[in-house]
Amino acid sequence: MANNFARILSSKRNVGILSLVGAGSLTAAFLLNREHVTAGAQVRRVYPASAEYPDLRKHNNCMASHLTPAIYAKLVEKATPNGYTLDQAIQTGVDNPGHPFIKTVGMVAGDEESYEVFADLLDPVIKERHNGYDPQTMTHPTDLDSSKLKSGKFDDRYVLSSRVRTGRSIRGLSLPPACTRAERREVERVVVDALAGLKGDLAGTYYSLTHMTDQEQQQLIDDHFLFDKPVSPLLTCSGMARDWPDARGIWHNNTKTFLIWINEEDHTRVISMEKGGNMKRVFDRFCTGLKEVERLIQEKGWEFMWNERLGYILTCPSNLGTGLRAGVHVNLPKLSKDPRFTKILDNLRLQKRGTGGVDTAAVGSTFDISNLDRLGQSEVQLVQTVVDGVNYLIDCEKKLEKGQDIKIPPPFKK
Amino acid sequence: MRDRHADCYFFSCLVCSVKNASMPFGNTHNNFKLNFKVEEEYPDLTKHNNHMAKVLTKDMYAKLRDKQTPSGFTLDDVIQTGVDNPGHPFIMTVGCVAGDEESYEVFKDLLDPIISDRHSGYKPTDKHKTDLNFENLKGGDDLDPNYVLSSRVRTGRSIKGYTLPPHNSRGERRAVERLSVEALNTLDGEFKGKYYPLNKMSDAEQEQLIADHFLFDKPVSPLLLGAGMARDWPDARGIWHNDAKSFLVWVNEEDHLRVISMEKGGNMKEVFRRFCVGLKRIEETFKKHNHGFMWNEHLGYVLTCPSNLGTGLRGGVHVKLPKLSTHAKFEEILGRLRLQKRGTGGVDTASVGGVFDISNADRLGSSEVDQVQMVVDGVKLMVEMEKKLEKGEAIDGMIPAQK
C-alpha cells in the first residue's frame, strides 16, 4: 500500500520532493499539510506591490472584501510549485466587480496547492462564503453512504425531476484556470479510461466535444446534456475556457441517468438525475457511481483531490467540501406567490433558481430548489436537508390549496 | 519528524523551475509545461483558419516552446488568442499578438511568415519607410463634402521599455498612463486638451464623450479578450482629446496609445497635417523622458497586433456610395486601389444607408504619406464614379489598374 502510494506521487508529478517520499501515505499527507507546503519559487516583480494592488473600490465580491494591501503584498511574490500566482487567482474578481445584490466569490484556485499557498486570502473568503466555516480550525465530514437517507421519495404531482451533482478533481494535475493542454488531455484520458470500466446500469459512452458528430450533438442537446463553451465573464476571465473545445467532453450511461462533464469548470462534474421525485434512487446511483469511478481511477494509480480541512478540492472556493448541489424542479404555484416564500427557503437552508440553472428565471411556477450549503456538512446531511425541506414546501403548497395557513419553519439547526 | 534535508531539496528543485513568472496572464508557468512532450502540448488547429494556424507546425512549436522574452512572454501567450478563436472561412484573422517589443525577435520564426502572409509578401530583410511629412501629400483638400461626410486618420504607438497590453501588469499599465498623460498635458496651441480616465469619469463627461463618438468601451471581441488585453478594466484606461475635439488619444486600449485625428467633411489634407504635427509633438515629449516609441527599420512602429505593424495607420473617410457599392465591380475596384471597406461602426460592422468607411488596406511596406495618398486618390476617383452612375453613365473606362 505504501509503495503504491509513493509510486502514485512520483510517477504523476515531476516535482522532485515527492519522489523522495519512500514511505507511505502518512508522510505524503504530512507534506501536503499546511505547514510544509511552503510556497513555490519566488516571483520576480518589476514594480512594488503597492503599484500593482488592484483598484477594488467599486467591487462587491468576497475576494475584494478580504484582499487588503497587506495581504496582497505578502502573497503577490508567491507562486504554487507549478507557478500559479496570486494575480492569476484573483483576475476574475478584478475583472468582474459584481453587483450590489449578488456577491460572487471573485477568485479561483489554479491547483490543489493554491489553497495552501494563498491561504491568507482564501481562508477568510471561504469563511465568508461558507457561513462561518473556519478552515484553520474545523474539519469537513465526507459521507457517501446513501442508505442513511430517510424518506427520499417526493410526491410526483409536485416534483418534476430530481438531480444531484458534484465535482471531482484529479490529484496531481492543475485545475482548469491553470492547466496546460497536456494536463487537460491527461485529465480526459484518465477519466474516460476509468469510465470505460463501468458496468451494468452504469455502463455508458463518451462523446468528445471535438469529435462529436452532428447527430450526436443534436441528441445531447435534446437530452439537455450538452454543455457549451462558458460565456459568463466570471468563468472566462479565469482562463478556464482556453483552448476550447480541446479535451472537453460528455459521458453518460445508456439509461441517461448518470452523466459526467469533463474539463468544463472543473476536471469532472458528476451528475445523477431522473424525472420524477425519487431522490433516494438518484442519490443511491450518485454514491454508487462516484465510488465506482474512484475505485477505477485508483486502480491506475490516481486519486481525487481531497483533504480533511476542505473536503473535495474544486476550482471555485464556493464548491469546496461536498461540491454537492442536490435539487428538484418542483411546481409551487401557490407557495411561490406567498410573501413568506423566501424566508421559508432561508430557514430551510435552501435556495431557488430558475429552471435553466444559476442566474436564470423560473418558468411559470416551477422552481429549481436546492441546498445552499456545500462545506461543513456531509453529502448525506445535505441531501437530507433537501429532502426534508422539499417535503415541507410541498406540505405548505398542499395546505394553501386547502385554504389552510402555513407556518415559517424555525431556522435550520445542524 | 520534519525532514530538513527534504525541505531544502524541495526548494532548490523548484527555484529553478519557475523563472520569469512575473506577469499575471495565463500561460506564465512555461517551464512546468516543458515536462510534457510536444505532442501533448501542441494545440489542435485542425479546424482553424487564421494566419497563426497556417504557419505553426508541430516542429515549429517544438522549437519555440522553451523560449521566453526577457519579460517572460511565451509562445503559448503569443498564440492563445488564435487557439481560442478558430476564425471564419471567409475572414482570415492574424491569430497571435506580441507581449512586448522583443516578441517580434524571440518568436521570429513564427511571426516573420505571418507578417509576410498578412502584409503582401513582406520579407524579413525588407526595410519599412516612415514618412510623416504632411507636406508630401498631394491634394486631399478637395474631396466633395456632399459625399465625403468625415475624414479620419489613426495610428498606434507603443512606449519603449514597457510590455504591451496582452502582458502588462497593473503597475506597468498605470506607469504607461502616467507617462502618457504627462506628455499629453504639455501640448498647447491647437493641441491643448484634457484627459478623462475611464474609472473617474463623471456621468456628464461620459454622456458628452459618447455624443462625440469618442468614448471607447471594454473590448467585447473574443479576439481581443482571448489575448488578455482587457484585464483589470477600466484601470489605467482613458481618453484624451484637444479642446477642438479634432485630435484624440486612447490610452491602454488595444495598444499603449491610439492617436486619432478627425473632422467632419472631406479635408483629409488638414486631418493628416494635424495628425503628423500632433504625433511629432507627443513623441518629443516621450523622448525627453527617455521613453521614445517602439520602432525599428524593419517593422516600423511596433504594436500589439502584427496586422498594425509599419505605419499602424488607417486613414479613411465615411463616404456615400449607394450606387457604386452595389456595382458588380465594387470589390475589384477597392482591391485595385488598395483600399478596404468597413461599416460605419468600424471593423466588423455593416454599412448604413449606403455610407461606407473606406480606408487603406496596407500598413507595412509603404509610408504614411503613401497610404494616405492612396486613400485621397482612391476616394476622389470613387466619388467621380458615383456621380457618373447617378447620371446613368457607365464607369468601365474609369476602372483603375492594380496599384
Side-chain angles (χ1 to χ4, degrees), chain A residues 14-18 20-21 27 30-31 35-55 57-58 79-88 90-91 94-95 110 174 177-178 180-183 185-186 210 229 233 236-237 239 241-247, chain B residues 1-3 5-7 9-33 35-44 46-47 71-72 76 80 83-84 86 163 169-172 174-175 199 218 222 225-226 228 230-236:
Chain A
N14 277 326
V15 178
I17 183 57
L18 292 175
L20 283 187
V21 179
T27 317
F30 183 66
L31 280 170
E35 298 107 70
H36 289 265
V37 181
T38 42
Q42 298 300 91
V43 171
R44 278 194 359 240
R45 302 210 70 90
V46 179
Y47 290 85
S50 54
E52 296 285 3
Y53 182 69
D55 183 351
R57 288 170 298 174
K58 294 193 183 131
T80 67
N82 294 346
Y84 193 69
T85 64
L86 178 73
D87 278 332
Q88 288 173 290
I90 65 173
Q91 191 68 58
V94 175
D95 288 346
S174 306
T180 74
R181 279 181 292 271
E183 287 185 296
R185 292 164 181 172
E186 181 79 335
T210 324
K229 179 170 179 177
T236 54
C237 287
R242 286 170 299 127
D243 314 313
W244 201 275
D246 196 320
Chain B
M1 202 178 165
R2 180 172 176 158
D3 186 342
H5 178 74
D7 278 359
Y9 192 94
F10 182 65
F11 254 114
S12 64
C13 239
L14 294 163
V15 164
C16 56
S17 74
V18 181
K19 251 200 313 203
N20 279 313
S22 60
M23 293 303 186
F25 183 61
N27 291 300
T28 51
H29 47 298
N30 201 53
N31 290 334
F32 166 70
K33 275 186 229 172
N35 292 322
F36 296 96
K37 298 205 275 286
V38 175
E39 293 72 45
E40 293 173 332
E41 285 291 352
Y42 180 67
D44 181 351
T46 46
K47 295 198 180 117
S71 74
D76 277 335
Q80 191 66 56
V83 176
D84 288 346
T163 61
S169 69
R170 282 180 292 272
E172 265 208 323
R174 291 163 179 170
N199 61 3
K218 179 171 178 176
L225 298 176
R231 286 169 300 124
D232 314 314
W233 201 275
D235 197 319

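By convention in this document, chain letters (A, B, ...) are assigned in the order of the sequence lines, proteins followed by strands, and residues within each chain are numbered from 1.
Atom CD in B/Glu40 sits 10.5 Å away from atom CD in A/Glu183 (nearest 0.5 Å). For the atom pair B/Asp84 CG and A/Lys229 NZ, the distance stands at 5.0 Å (nearest 0.5 Å). Atom CG of B/Asn35 sits about 9.5 Å away from atom OG1 of A/Thr180, to the nearest 0.5 Å. Atom CZ of A/Arg185 and atom CG of B/Asp44 lie 6.5 Å apart (nearest 0.5 Å).
Using a 4.5 Å cut-off between heavy atoms, A/Asp246 contacts chain B through its side chain alone, with no backbone atom that close. Interface residue A/Ser174: only side-chain heavy atoms are found under 4.5 Å from chain B. Neither the backbone nor the side chain of B/Ala236 has a heavy atom closer than 4.5 Å to any heavy atom of chain A. Residue A/Ala241 touches chain B through its backbone alone, counting heavy-atom pairs closer than 4.5 Å.
A donor-acceptor pair under 3.5 Å links the side-chain atoms of A/Lys58 to the main chain of B/Asn199, judged by distance alone. Under the 3.5 Å distance criterion, the side-chain polar atoms of B/Lys47 are matched with a main-chain donor or acceptor of A/Thr210.
By number of non-hydrogen pairs under 4.5 angstrom with chain A, the leading residue of B/Lys37, B/Glu39, B/Arg174 is B/Arg174. Ranked by heavy-atom pairs under 4.5 Å with chain B, the first of A/Asp55, A/Val94, A/Asp243 is A/Asp243.
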* Assess whether salt bridge (Lys or Arg N to Asp or Glu O under 4.0 Å) is satisfied between A/Arg181 and B/Asp76, documenting all intermediate values. => CA-CA 10 Å; A/Arg181 279 181 292 271; B/Asp76 277 335; 2.7 Å; yes
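The two residues B/Gly171 and A/Tyr47 make their nearest non-hydrogen contact at O-CE2, 3.9 Å.
Ion pairing between a basic and an acidic side chain is recognised when a charged N comes within 4.0 Å of a carboxylate O; B/Arg170 and A/Asp87 show such pairing.
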